[in-house]
Amino acid sequence: MPKRSRLILPLSLLTVALAPHAFAATPTVDPRIEQVLTELGKAQSIQAVALSPDGKQLAWVIRRDDKPAIEVADADGRHAHRVSAATTPGSCAESGIAWAPDSRRLAFIANCHVDLTSTKAMQNAIYLADTRGGGTPARLAALQGYVRSLQWTADGKSLGFLYVPGATRHASAVAAAKPAAGEIGVSGLEVQRVASVDVANGTLRELTPATLYAYEFDWSPDGSRIAYTAAPPPGDNNWWIAKLYVQSAQAGADARVLVDPAGTASGSLHGLQIALPRWSPEAARIAFIGGLMSDQGATGGDIYAVPAGGGAPVDLTPGIRVTPSWLRWSGPHSLLVSQVSNGQSQLADYAVSATRAQQQRMHFTVPASIGDGSASMAMSLSADLRRVAFVQSSYTAASEVHAGALGHAPPPAVTAFNAALKPAWGKAESVEWNNEGFHVQGWLLYPAHYDAKKRYPMIVVVHGGPSSAVIPRWPGVGYGGAPLAALGYFVFMPNPRGSFGQGEQYVQANRKDFGHGDLRDILAGVDAVEKKVPVDDQRLGLTGWSYGGFMSMFAPTQTQRFRAVVAGAGISNWQSYYGQNLIDQWMPPFFGASVYDDPAVYAKSSAINFIKQVKTPMLIVAGDRDAECPAPQSFEMWHALRAQNVPTSLVVYPNEGHHFVDPAHQRDVLQRALAWFAKYLPASN
């Protein structure tokens, strides 16, 4: 990969950088902003954790020497030590941890001991470490391509994983897209498949057909079959129309469609997305999450089950007021479920019958983000389901590994990587209000050194998605709202209709209505906050990324209430966007039809059609290889604002996709946003 260089130009200039360049030094930066950025950079990133099946050992992935590294410890976090295939610390990236059923062998993925210049394809290997016998981890299989999601069979004889042979990029729509060249849509397709290796001899088997792009999979209890979600390539685009397949765990086996959400037999699943297939212990049923999901990996919806031999899927949780995001069978008639509830994380037991799944026991509710790194809100459990481990972070505590007995209270932190860090912002508070028949919730961060006698400006931060939710987490140097609170702003982060946490009906409430009902929810939330705390309504700002970027562009066309805006990876014109982005399959479920069949529903939510009403200064930022929210959408908004003589600036970052990966770019975009609000919404009276 070409080396990326930092993009630094004055805020007043249009910055268009389509290739790495060297730029002049940053203009003078408020030293308070520099201090906030420096403090955010001190947090150590814990990317994953795995509890051994016997519950006696933990493994986690943490950044060391600027690369992900693996450490193993006792279940209480003591005696932590490095497990690595590297000859020199920091010489390779290691992740993808998965314990063998014997609780002794730890499998992981690394790019150690490969010639990264010999081919354009990514090179990785699967290693096995003996955590009790010591010694150097043994390389099980060397693979040219992208490898993730290691999963052992119950007998410990095979390792399954997702594999993109010959991959040149990460398999994700949020990764930087390939430069457009050649015959578009035909050349250079990379297909992710379910593969396995024989642990005894390292033999590789590509199990699923090359005509299907696989997204997630699960071994049957006896390891003879796999269940997986898949769609025809290209994979970045077609996740939204994926089907559930079952086949024998043999290369070349016939793949049978078990659930097709577009099929008439799917009933309540029609037009929705499916994720996280999981076999029941007796292999009679497969449970999964089904719902209106705007992003692969941001899983949420109702719990469904389908007979493994075929039949109609059943919605087991119709009408519930929470959003299940992860599940695991805990018995033939029970599930352990992680769910979003009113902006918080919960872990609960569900009793499962043929037609219903009902919550029976709440293990815990925490105002924090939780997960083991393998899937959204996933838990790592011992084989007897008596112990649990996960990574937790909130607005009050940075990421730590939590582990212990699964009971009525969340387990304690067993690491102290970030214990010395203290919030630079004020307290976090949940705010709830009602609007147009909906119960709505959001999070409010108080400004640092809050004084109830003063009036403060407030920045509204709209989350991405829209099928997602704001759940408290410790911020990184990347884009987010918490740093604004450190500089003296109230920061309000609402979960309006379309968000997870209030049930599937709430998620679907902004279908065909982007920017209208959800904006009314947000404005009603602003009113609710202003009744609680001393916010200066004449100093309101707005920002967000992705869907939040769209809302940041659209809201100023509907209201003059916001006095400064920063729009990240936004969408200004849904009609032109339909033909520009590389993931158009997500749009018909939300808009009800394609833009060619119903252009009016796209037009009514397009900021560009109301551009004459915008008066608000707007900073616009985007990545030049964003496949989800292409940079031309930002150009279109910037161009229109300039034509209206509205103060604006556009900054385009080279070689970045929807999620920025270059640390210099992550820092720069946050720095610019903080400076923009400081200019137009100064925090001091």
Side-chain angles (χ1 to χ4, degrees), residues 343 395 425-436 438-463 470 480-497 499 515-544 548-568 570 607 610 612-619 641 644 646-648 673-685:
Y395 293 129
W425 43 91
K427 72 174 182 177
E429 183 174 277
S430 179
V431 180
E432 300 182 34
W433 65 100
N434 295 311
N435 187 53
E436 300 178 356
F438 294 104
H439 179 73
V440 194
Q441 181 272 343
W443 288 97
L444 179 67
L445 284 181
Y446 281 63
H449 314 298
Y450 171 64
D451 182 349
K453 297 178 182 179
K454 295 182 179 180
R455 292 176 64 79
Y456 292 87
M458 184 168 76
I459 310 298
V460 178
V461 182
V462 183
H463 65 68
V470 178
L484 288 159
L487 293 175
Y489 299 88
F490 276 105
V491 176
F492 178 48
M493 298 164 285
N495 285 315
R497 69 188 75 175
S499 304
H516 295 282
D518 44 7
L519 177 57
R520 294 194 299 273
D521 288 346
I522 291 169
L523 293 176
V526 172
D527 292 339
V529 170
E530 290 183 353
K531 291 176 181 177
K532 292 172 62 70
V533 295
V535 170
D536 182 353
D537 192 65
Q538 300 303 306
R539 290 189 290 161
L540 292 180
L542 178 66
T543 189
F550 150 69
M551 288 291 287
S552 298
M553 292 179 175
F554 186 75
T557 73
Q558 307 297 304
T559 176
Q560 300 301 318
R561 202 160 173 185
F562 300 107
R563 305 306 173 94
V565 168
V566 178
F610 307 94
K612 291 286 187 179
Q613 301 177 52
V614 181
K615 308 296 181 186
T616 309
M618 187 180 299
L619 169 64
L641 291 173
Q644 310 307 311
V646 176
T648 185
L674 297 175
W676 188 264
F677 285 122
K679 177 180 180 181
Y680 289 101
L681 289 178
S684 58
N685 286 314

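Reckoned from all heavy atoms, side chains included, excluding hydrogens, waters and symmetry mates. Keep in mind the model is a prediction, meaning the values are calculated, not measured.
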Rounded distance [0.5 Å steps], CG in Leu681 versus CG in Leu487: 12.5 Å
Geometric class of the Tyr450/Tyr456 ring pair [parallel <30°, tilted 30-60°, perpendicular >60°]: tilted
Counterpart residues, side-chain hydrogen bond (donor to acceptor under 3.5 Å, both in side chains), relative to Tyr446 (two or more places apart): Glu429
Under the side-chain hydrogen bond (donor to acceptor under 3.5 Å, both in side chains) test, residues paired with His516 that sit two or more places apart: none
Non-hydrogen side-chain atoms of Met551 and Asp518 separated by less than 4.5 Å: yes
Where Thr616 and Pro556 come nearest, the two heavy atoms and their spacing: OG1-CB, 3.9 Å
Worked verdict on His439 versus Glu432 for side-chain contact (heavy atoms from CB on, under 4.5 Å): CA-CA 7 Å; His439 179 73; Glu432 300 182 34; 2.7 Å; yes
Closest non-hydrogen atom pair between Met458 and Val529, with its separation: SD-CG1, 3.7 Å
Side-chain touch Phe490/Pro447, heavy atoms, less than 4.5 angstrom: yes
Smallest separation among heavy atoms of Leu445 and Ala428, with atom names: CD2-CB, 3.6 Å
Exam field: side chain Trp676 to backbone Ala564, donor-acceptor pair closer than 3.5 Å: no
Ser552: side chain to side chain contact (heavy atoms under 4.5 Å, CB included) partners, not counting sequence neighbours: Leu542, Val565, Ala567
CD1-OG1 distance between Ile522 and Thr559, expressed to the nearest 0.5 angstrom: 11.5 Å
Distance (rounded to the nearest 0.5 Å) between Trp433 CH2 and Asp527 CG: 10.5 Å
Contacts of type salt bridge (charged side-chain N to carboxylate O under 4.0 Å, His left out), residue Arg563, not counting sequence neighbours: none
Pairing residues for Ala607 by the side chain to side chain contact (heavy atoms under 4.5 Å, CB included) criterion, not counting sequence neighbours: Met553, Phe554, Thr557, Met637
For Ser430, all residues meeting side-chain hydrogen bond (donor to acceptor under 3.5 Å, both in side chains), sequence neighbours excluded: Gln441
For Asp537, all residues meeting side chain to side chain contact (heavy atoms under 4.5 Å, CB included), sequence neighbours excluded: Glu530, Leu540, Arg561
Set of side chain to side chain contact (heavy atoms under 4.5 Å, CB included) partners for Ala448, sequence neighbours left out: none
The single option from Val461, Leu619, Val491 passing side-chain contact (heavy atoms from CB on, under 4.5 Å) against Thr543: Val461
Where Pro494 and His463 come nearest, the two heavy atoms and their spacing: O-CD2, 3.6 Å
Sequence-distant partners of Asp521, side-chain hydrogen bond (donor to acceptor under 3.5 Å, both in side chains), two or more places apart: Asn435, Arg497
For Phe677, all residues meeting ring pair (Phe, Tyr, Trp, His ring centres under 6.0 Å), sequence neighbours excluded: none
Pairwise side-chain contact, Phe562 with Val460, heavy-atom cut-off 4.5 Å (strictly under): yes
Sub-4.5 Å side-chain heavy-atom contact between Tyr680 and Pro457: no
Heavy-atom closest pair, residues Gly343 and Asn495: CA-ND2, 4.1 Å
Residues forming a ring pair (Phe, Tyr, Trp, His ring centres under 6.0 Å) with Trp443, sequence neighbours excluded: none
Least distance between heavy atoms, Ala555 atom then Leu519 atom: CB-CD1, 3.9 Å
Minimum side-chain heavy-atom gap Leu484-Leu674 below 4.5 Å: yes
